[in-house]
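Counting starts at 1 for both ligands and their atoms, following the listed order.
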Amino acid sequence: MKKMKKWLALGLAAAMSMMVLTACGSEEATEEEKPVVEEAAEKTAEPEETAVYPEDVQAIVDRGVLKVGVKNAVQGFGFQDPLTNEYSGMEISLAKMIADALGVDVEYTAVTAATRTELLDSGDIDCVLATFTITDERKESWDFSTPYFTDHVTVLVEDVSGIASLADLTDKTVGVSSGSTSAKSLVEALIEGGYITGEGYDTETFDPATWTEGVKFQQYDDYPTISTALSAGEVDAFCVDKSILAIYHTDGRSYIEEEFAPQEYGVATTKDSGLSALVEELVQGWLEDGTIDGLIAENGLN
Ligand code: GLU
């Protein structure tokens, strides 16, 4: 409870300073207006009633709900209990804290690597907290907060396959999720390790669907389907971030030796939106004051 109050206060302070940023950045803002707005930012009492938010943030406040895309099967990040339907995990907590900072409720929508950006672009959700890796390419289309967690990619195999390392993956078929960084990360790791030549590899144009040099990919819409495909022998290996693989790491399955391709997770929002700046300020505050470290520890992620 005490912690929540701290988050709320931080959030509100951030929201108020956003107001300053927006006022300073808008064409209407004059030099005379600034001190008044700055003074308002210092008085954080009843901010929901007095804050002047950027239009997109105000729309969320008026709606009374922050709609967030989350994972529902990544333990410690976004997990929905199948019996109670309750969500838990650090991304669930962060989403709730952002909503609290705005004084609104939070609504979770389960997303996949394949659906999260469509839902953000269509306005069905306001932001994504779903093990979403920050990449230069993605930054061209969406805003990302400073990372709140760094994971790595690895590969899960059936023990009977005898596959134990990157070297064993040559000429194998690997299951990956559509819209994920996994295939590219694996090909780069194989090239770097000298296991494949990388002939024809181009970081800009790489497409898992057409890549056949040394390793092949089968793309799926969701992770449970890849896990089933691995059991059925439809694919030889299942490649994605280790945090995501954890739930599929059952008896008779192992990770290969290597972990590679650091994956920095950030909160994704619509490019140049008011929410982007507000979320960034909140995340930075929670990184600085140890709140995010606390969530990492609470969720057993360190
Ligand atoms: N984190 C990786 C990505 O953003 C893996 C996919 C996923 O998050 O489901 O591409």
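- Inspection of the Ser273 and Ser276 side chains reveals an N or O donor paired with an N or O acceptor under 3.5 Å.
- Checked options Ile98, Thr109, Leu129; the residue passing with Val68 is Leu129 (criterion: side chain to side chain contact (heavy atoms under 4.5 Å, CB included)).
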Worked verdict on Glu258 versus Val155 for side chain to side chain contact (heavy atoms under 4.5 Å, CB included): CA-CA 8 Å; Glu258 298 92 342; Val155 177; over 6 Å; no

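- Of all the heavy atoms in Val267 and Tyr148, the pair that sits closest is N-CE2, 3.6 Å.
- Using a 30° and 60° split on the angle between ring planes, Tyr201 and Phe206 fall in the tilted class, from 30° to 60°.
- Below 4.0 Å from some heavy atom of Val240 lie the following atoms of ligand 1, by number and element: 5 (C).
- When the options Phe132, Tyr223, Tyr265 are ranked by their closest heavy atom to atom 7 (C) of ligand 1, first place goes to Tyr223.
- Geometric assessment of Arg138 against the ring of Phe144 yields a negative cation-pi assignment under the 6.0 Å and 45° thresholds.
- Of all atoms in ligand 1, numbered sequentially from 1 with element shown, those under 4.0 Å from a heavy atom of Lys71 are 7 (C), 8 (O), 9 (O).
- Among residues at least two apart or in separate chains, salt bridge (Lys or Arg N to Asp or Glu O under 4.0 Å) pairs with a member in residues 240-256 are Glu158-Arg253, Lys242-Glu259.
- Interface of Ile244 with ligand 1, defined as ligand atoms under 4.0 Å from a residue heavy atom, comprises 7 (C), 8 (O), 9 (O).
- With sequence neighbours excluded, the residues that form a salt bridge (charged side-chain N to carboxylate O under 4.0 Å, His left out) with Asp136 are Lys139.
- Neither the backbone nor the side chain of Glu264 comes within contact range of ligand 1; no heavy atom lies under 4.0 Å.
- Between Thr112, Thr133, Thr135, it is Thr133 that holds the heavy atom closest to atom 2 (C) of ligand 1.
- Taking every heavy atom of Ala130 and a limit of under 4.0 angstrom, the matching atoms of ligand 1 come to 8 (O).
- Residue contacts with ligand 1 for Thr131 involve both N, CA, C or O and side-chain atoms from C-beta outward (heavy atoms, distance under 4.0 Å).
- Applying the 4.0 Å criterion to heavy atoms of Thr181 picks out, from ligand 1, the atoms 2 (C), 3 (C), 10 (O).
- Each of the atoms 1 (N), 2 (C), 5 (C) of ligand 1 lies under 4.0 Å from some heavy atom of Asp241.
- A side-chain donor-acceptor contact under 3.5 Å links Asp159 and Ser254.
- Considering backbone and side-chain atoms together, Ser182 places no N or O closer than 3.5 Å to any N or O of ligand 1.
- Annotation: Ser180 places no N or O atom under 3.5 Å from an N or O atom of ligand 1; distance criterion only.
- Contact atoms of ligand 1 toward Arg138: 3 (C), 4 (O), 10 (O) (distance under 4.0 Å to a heavy atom of the residue).
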